[in-house]
Amino acid sequence: MNPQIPAPRQFLEGAPLGTRVVVRYKIPEGMTDALGDLVGINAAECTVRTRRTDVVIPLALVVAAKAVPPAPARRAPRTAP
């Protein structure tokens, strides 16, 4: 492992709350990602606020995590010509 890149758990524990993150974690079907704001972290789990809901992820299931840029601004709705 590259010594300059923190392990996923170390990254999440050190990231300030409110940081926009993507977290890849194990589920029974394989892997999935949660993309959103880090809103909670403790010794056992982290919580990522996605567009739809808060996702609580056990840290033991996390395989990757990193900060991502802010979401792009939503486009204005199209209007009829």
Participant: Any pair with a residue in residues 10-23 that passes salt bridge (Lys or Arg N to Asp or Glu O under 4.0 Å), sequence neighbours left out, goes on the list, sorted by first then second residue, please.
Facilitator: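 Non-adjacent pairs meeting salt bridge (Lys or Arg N to Asp or Glu O under 4.0 Å): Arg9-Glu13.
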Participant: What residues, two or more places apart in sequence or in another chain, satisfy side chain to side chain contact (heavy atoms under 4.5 Å, CB included) together with Arg49?
Facilitator: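 Partners of Arg49 under the side chain to side chain contact (heavy atoms under 4.5 Å, CB included) test: Val39, Asp54.
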Participant: Transitive ILVMFWY cluster of Met31 at side-chain heavy atoms under 4.5 Å: who else is in it?
Facilitator: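 When side chains under 4.5 Å apart are linked, the cluster holding Met31 also contains Val63.
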Participant: Apply the hydrophobic cluster definition, ILVMFWY joined by side-chain contacts under 4.5 Å directly or through others, and give me every member besides Ile57.
Facilitator: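 Besides Ile57, the hydrophobic cluster comprises Phe11, Leu12, Leu17, Val21, Val23, Tyr25, Ile27, Leu38, Ile41, Val48, Val55, Leu59, Leu61, Val62, listed by chain and residue number.
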Participant: What's in the same ILVMFWY side-chain cluster as Val68, cut-off under 4.5 Å, chained through other members?
Facilitator: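 Result for Val68 is Val22, Leu35.
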Participant: If you compare all heavy atoms of Pro8 against all heavy atoms of Ala65, which two are closest, and at what distance to 0.1 Å?
Facilitator: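 Shortest heavy-atom contact: CB-N, 3.9 Å.
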Participant: Provide the full list of salt bridge (Lys or Arg N to Asp or Glu O under 4.0 Å) pairs with a residue in residues 26-37, sequence neighbours left out, each pair given once.
Facilitator: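 Salt bridge (Lys or Arg N to Asp or Glu O under 4.0 Å) check on residues 26-37 returns Arg24-Asp33.
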